[in-house]
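Below you'll find the structure, written out as structure tokens, and then a few comments.
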Amino acid sequence: MPATHSAERTKREHLSVVLPTYNERDNILPLLKELLALAQPYELELLVVDDDSSDGTAELVRELAHHDPRVRLIRRLGRYGLASAIKEGLLAATGDLAAVMDSDGQHEPAAIIEAVNKLRQKQLDLVAGSRFLSGAVIKGLSQRRTGGSSLANRFARFSLPNSYSHLTDYMSGCLVLNLQSCLPYVYQVDVNGFKFLYELLAVSRGCLRVEEVPLIFQPRNKGNSKLDLAVLWDFLISLLHSLSLRLLPRRAISFALVGASGVMVQLITTAILMGLGQLQFEEALPAAVVTAATSNYLINNALTFRAQRLRGLNLLRGLVKFLLVASLPVLANVGLATTFYKFVAPNTLGAQMAGILVVFVWNYAASSRFVWNTP
Ligand code: GDD
Ligand code: MN
């Protein structure tokens with residue numbers, strides 16, 4: 001009887017599951033099949049958001065999607081990162097509820113079900129799977145990572161609104177959201193790296209009703225973790241961004257931190273050239289400034305502008321552009337530092353700091369625009 005059948009269908013909860021993937025060829029199909037088998041109480045939609053994996057992940061998913069319309073593939077060119085993959089999946093989701101989970105087998109579908117039930121029973125906006133709630137078991141995380149995550153959690157709790165201080169795992173990648181109440185905040189999440197939940201909580205400024213369920217965090221099935229230095233860097237930037245009351249642009253914070261490392265490079269290079277190389281300050285300075293600019297360029301390319309990262313010949317071309325863009329203030333930098341040294345005080349530190357300060361603003365604005373083509 002089609003009528004009762006469709007009435008039954010409308011009663012079923014529409015649940016979208018967002019699965020970010022980056023090189024998960026060996027893990028994604030078993031997980032999709034496990035999720036499809038849950039279908040009974042749910043009208044399921046499985047959204048795989050792949051960042052152009054080189055191992056054929058997307059092709060495998062497309063093949064499955066061809067036979068089962070509940071599976072959808074969002075394929076992105078370039079690697080934009082986990083948090084933005086989650087955001088894109090959630091924006092494309094058509095369910096009433098959406099779940100987010102890792103695609104490598106570390107999160108179990110059972111946790112999603114538990115979270116959905118809790119969300120409905122207690123009429124919450126968001127339920128996160130926690131590795132640190134009582135009842136949780138961590139099987140798949142090294143001591144070091146566990147320690148790192150607890151530390152990150154402490155910083156996160158400190159920097160977020162008080163109404164979220166009862167949470168135990170701000171770093172979690174396992175979530176269930178009521179899309180209607182969460183979507184306005186999902187729109188605002190704008191972040192590199194892994195910390196989607198942290199950002200969502202930060203932009204929602206305490207307005208969401210959030211609770212947790214304990215996770216049994218399994219070891220990864222196959223392949224390796226994608227958490228790297230750049231991901232840690234992004235989290236550091238997120239923290240500083242929150243602590244600046246979200247006033248300073250995230251990328252400018254990153255650019256400034258890299259700039260600070262350039263300051264060290266310049267000071268040390270000058271000292272070495274003057275000490276070991278027996279050069280005069282005026283001779284050592286230009287070489288030190290170019291060394292620092294090159295080091296800034298390489299680090300910014302790997303961290304600040306990771307999503308627009310230049311490689312191969314473009315990396316070289318970018319360096320030339322960066323040095324050109326920077327050369328105007330580099331001349332100002334050298335000129336100002338030399339003048340300061342000659343006329344204000346023969347203090348190498350003060351002289352260089354004066355020059356460096358002038359270049360920061362120009363460099364940030366101009367190189368964002370002309371080197372990495374971002375606004
Ligand atoms: N689309 C996309 N793009 N997916 C990505 C990317 C990316 O750049 N980087 C990672 N992923 C996917 C992976 O394929 C995997 O499905 C999931 O995101 C988690 O990545 P892992 O590399 O397995 O992360 P992990 O196990 O080291 O990190 C775990 O702990 C973190 C907190 O410490 C995960 O549970 C994270 O979600 C969590 O934030
Ligand atoms: Mn993992």
Side-chain angles (χ1 to χ4, degrees), residues 81 148 151-152 155 191-195 227-244 247-277 279 281 284-311 314-316 318-334 336-337 340-341 347-372 374:
L151 186 70
F155 282 122
V191 66
N192 295 324
F194 270 35
K195 305 311 169 201
L227 188 141
D228 55 13
L229 184 69
V231 168
L232 295 178
W233 179 263
D234 288 328
F235 181 58
L236 175 69
I237 302 301
S238 278
L239 281 176
L240 293 173
H241 182 62
S242 290
L243 291 175
S244 82
L247 291 174
L248 298 174
R250 202 185 301 275
R251 230 171 37 202
I253 299 176
S254 180
F255 202 82
L257 284 187
V258 174
S261 81
V263 173
M264 299 311 293
V265 172
Q266 183 180 325
L267 296 178
I268 292 170
T269 314
T270 308
I272 291 176
L273 290 177
M274 288 176 75
L276 299 179
L279 296 187
F281 181 62
L285 191 61
V289 169
V290 172
T291 309
T294 306
S295 147
N296 281 1
Y297 167 72
L298 292 173
I299 303 177
N300 272 318
N301 189 53
L303 298 177
T304 315
F305 296 97
R306 186 186 191 206
Q308 290 82 17
R309 192 175 190 158
L310 304 170
R311 292 168 202 277
N314 283 334
L315 181 67
L316 210 66
L319 174 63
V320 174
K321 275 200 215 167
F322 185 82
L323 290 177
L324 274 177
V325 158
S327 69
L328 211 80
V330 158
L331 293 181
N333 184 353
V334 173
L336 207 82
F340 187 102
Y341 187 75
N347 171 343
T348 55
L349 182 70
Q352 292 183 80
M353 293 311 291
I356 285 160
L357 208 65
V358 178
V359 302
F360 173 73
V361 176
W362 160 267
N363 269 357
Y364 173 60
S367 64
S368 297
R369 180 68 198 85
F370 298 117
V371 181
W372 287 281
T374 55

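- Residues Ala337 and Phe281 come closest through the heavy atom pair O-CE2, 4.5 Å.
- Minimum heavy-atom separation, Ala302 to Ala230: O-CB, 4.4 Å.
- What you find for Ala152 and Phe235 is that their closest heavy atoms are CB-CE2, 3.5 Å.
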Is there a side-chain contact (heavy atoms from CB on, under 4.5 Å) between Asn363 and Asn296 once you walk through the steps? CA-CA 11 Å; Asn363 269 357; Asn296 281 1; 5.8 Å; no
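- Going from atom CZ of Arg250 over to atom CG of Asp234 covers 8.5 Å, rounded to the nearest 0.5 Å.
- Between Leu239 and Phe155, the shortest heavy-atom distance links the atoms CD1-CB, 3.7 Å.
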Might you work through the side-chain contact (heavy atoms from CB on, under 4.5 Å) test for Ser254 and Phe305, ending with a clear yes or no? CA-CA 9 Å; Ser254 180; Phe305 296 97; over 6 Å; no
Can you check side-chain contact (heavy atoms from CB on, under 4.5 Å) on Leu310 and Leu319, steps first, answer last? CA-CA 10 Å; Leu310 304 170; Leu319 174 63; over 6 Å; no
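- Shown here is Phe360, whose CZ atom has more than 12 heavy atoms of other residues, nucleotides or ligands within 6.0 Å.
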Can Asn300 and Trp372 be said to form a side-chain contact (heavy atoms from CB on, under 4.5 Å), step by step? CA-CA 10 Å; Asn300 272 318; Trp372 287 281; 3.8 Å; yes
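- The heavy-atom pair separating Thr270 from Ala288 by the smallest distance is OG1-CB, 3.2 Å.
- Between Leu323 atom CG and Thr294 atom OG1 the span is 5.0 Å, to the nearest 0.5 Å.
- Between Phe322 and Tyr297, the angle of the ring planes lies from 30° to 60°, which puts this pair in the tilted group.
- A donor-acceptor pair is defined here as one N or O able to donate and one able to accept, closer than 3.5 Å; such a pair exists between the side chain of Thr374 and the backbone of Ser368.
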